[in-house]
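The chains referred to below are lettered A, B, ... by the order of the sequence lines, with proteins before strands, and numbering in each begins at 1. Computation of the quantities below employed the complete heavy-atom set of this structure, encompassing side-chain atoms and omitting hydrogens, waters and symmetry-equivalent molecules.
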Amino acid sequence: MIDPKLLRQAPDDVARNFARRGMDFDVQRYLELEEQRKTLQVETETLRNERNTSAKNIGKAKAKGEDIEPLLAAVKDLGDRLDNSESRFGAVQDELQSIELGLPNLLMDDVPVGDDESANVEIRTWGSPARFDFDAQDHIDLGAKLGMLDFDAAAKISGSRFAVMRGDLAHLQRALIQFMLDTHVSEHGYVEAYVPYLVQDHALLGTGQLPKFEEDLFKTTTETPFYLIPTAEVPLTNFARDVIFDADQLPLLFTAHTPCFRSEAGSYGQDTRGMIRQHQFEKVELVHLVAPEESEQALEVLTGHAEKILQMLELPYRVVTLCSGDVGFSAAKTYDLEVWLPGQQKYREISSCSNCTDFQARRMKARVRNADTGKPELIHTLNGSGVAAGRALIAVMENYQQAEGSIQIPSVLQPYMSGATEISRGS
RNA sequence: GGAGAGAUGGCUGAGUGGUCGAAAGCGCUCCCCUGCUAAGGGAGUAAGGGCUUAUACCCCUUCGAGGGUUCGAAUCCCUCUCUCUCCGCCA
């Protein structure tokens, strides 16, 4: 949620910011509701005050042994008036809240304006796309020929958008995950976390997936429904729920490996081939919980941590700043890391690093006590993939492929692969 | 799954219908005192929201959550969640 006070005091500024996302915010409608809210809130609280005051007087009178009948008669209809006022106030408040929960974060000033991903701005590249003296294959063919990547088996078990891996390829994904976690913990200072993969609605409300994007999530049919996490950002960021940190406790850096589950509703026809877009994939996530004035710098640092993984794997990539139309709901600014995939001859997203400023913190009441004022204020939250393991596996397969279809193992992964240097059929 | 106990402010912990947003202690902040240290004295110390130019007053909400009874609920009733202990089962 954005700051309701800002929304109230400068709705036109807010609307202009939303317009950069291509979103039309009905200021007039909002202000009307807000006016009603104000009137009804004052009315309701005045009535409550009246009730409280008379209840106290009745109590005092009774203690003195006075006759309280006239006092009771005086408040006879107060209850009904209060009920009536409260229910009208509640209705307006609910409506306002549902509007506010549906509003995205405010974009930072330096986010480039554009409608969609074609307007994203490349800010740097690292490495250069490999040239092969043979026809480069994509991961699907490579995996099939190795006999280690099996979409038919996955389809039998679970349908489309699932993968089965066997042997060294399954091992290689595990190696990637281990390598990433180890690097973030020992070189970047993160605390490794193990977290629930099933979460309740309030956790998703806190990070912004709910209420607006329910159709993207898998949900259990149990009595208290659980959602399968679409990213470890959800449990990791919710560590800060309802907490008031001391200033010296921040920043907090967490990393976790989890599977991620996404319904991919609305992405029919996109990336249906291969392992790019799955209902279930593995990811190592990075989350920063920081003091508000630190978040801009923290985004650069966090992005650097994700980049470091690709550099160590020697995978060519580029960094793009997402344009206003492509920035996610909860983010104020986002850098995407796009890795080069020889099989597609394209850069494809492998990490997305966002500064969510106080947007998630406000939803989950995550605060820090300001050392100077002693007052609690909202923290800033950031998250990024460090990096998506499934896509990293694809990138390694395609970038490290050999003419005969085997795959070299990047040197940093060899210790995690019992010293093996390549994967080949039957290995 | 069965039986029992519990959930109060940063912490410990009192409080079974009114003057309780809540005793006391600890912690923390400020002041005083003592040459230093130790000890002592005093004052203050929850969060969110409304109104407001205002971090000033004033007001509202919150004692696990949600309902209910009542003029009035931390306190009584109902439902739920979580924690702890014992038994059973289980990785």
Please compare A:P4 and A:I244 by the position of their nearest nucleotide in RNA chain B and report the one closer to 5'. A:I244
5′-ward residue of the pair A:T53/A:Q41 relative to RNA chain B: A:Q41
What interatomic distance, in whole Å, is found between [atom1] of [M] and the corresponding atom of [N]?
N     : M     : atom1 : result
B:U19 : B:C26 : C1'   : 28 Å
B:U75 : B:G21 : P     : 13 Å
B:U8  : B:A74 : C1'   : 7 Å
B:G27 : B:A46 : C1'   : 14 Å
B:A23 : B:A14 : P     : 14 Å
B:C28 : B:U34 : P     : 24 Å
B:G13 : B:C20 : C1'   : 16 Å
B:A43 : B:G49 : C1'   : 29 Å

Using a cut-off of less than 4.0 Å, is there contact between a side-chain N or O of [X] and OP1 or OP2 of [N]?
X      : N     : result
A:N49  : B:C60 : yes
A:R51  : B:U61 : yes
A:R369 : B:A46 : no
A:K38  : B:U52 : yes

Given [options], identify the nucleotide with an atom nearest to the side chain of [X].
X      : options             : result
A:P376 : B:A47, B:C51, B:C59 : B:A47
A:A55  : B:C51, B:C71, B:A47 : B:C71
A:K56  : B:U19, B:C71, B:G48 : B:U19
A:R48  : B:U61, B:C71, B:A47 : B:U61

So for A:K62 and B:G18, does any side-chain atom that can act as donor or acceptor lie under 3.5 Å from a complementary atom in the base? yes
Pair A:E264 + A:R161: basic N to acidic O under 4.0 Å: no
For A:N52, report the nucleic acid contact type (base, sugar-phosphate, nothing); a contact means any heavy atom under 4.0 Å. sugar-phosphate
Assign A:R8 to base, sugar-phosphate, or nothing according to its heavy-atom contacts below 4.0 angstrom with the strands shown. sugar-phosphate
Sidechain-backbone polar pair: A:Q297 side chain, A:E294 backbone, donor-acceptor under 3.5 Å: no
Between the side chain of A:R21 and the main-chain N/O of A:P104, is any donor-acceptor distance below 3.5 Å? no
Check for me whether the distance between the ring centres of A:H184 and A:F254 falls short of 6.0 Å. no
Let me know the distance between CD of A:E50 and C1' of B:U61, rounded to the nearest Å. 18 Å
Correct closest heavy-atom pair for A:S295 and A:L382 would be O-CD2, 3.5 Å
Would A:V368 and A:E377 count as a side chain to side chain contact (heavy atoms under 4.5 Å, CB included) if you check the C-alpha gap in whole Å, the side-chain angles of each, and the deciding distance to 0.1 Å? CA-CA 5 Å; A:V368 58; A:E377 51 189 59; 4.0 Å; yes
How is the base pairing of RNA chain B summarised as a dot-bracket string, given the Watson-Crick and G-U wobble criteria with both distances under 3.5 Å, [ ] for crossing and | for another strand? ((((((((.[[[..)..(.....]]]((((((.......))))))(((((.......))))).[[[[[..)....]]]]])))))))....
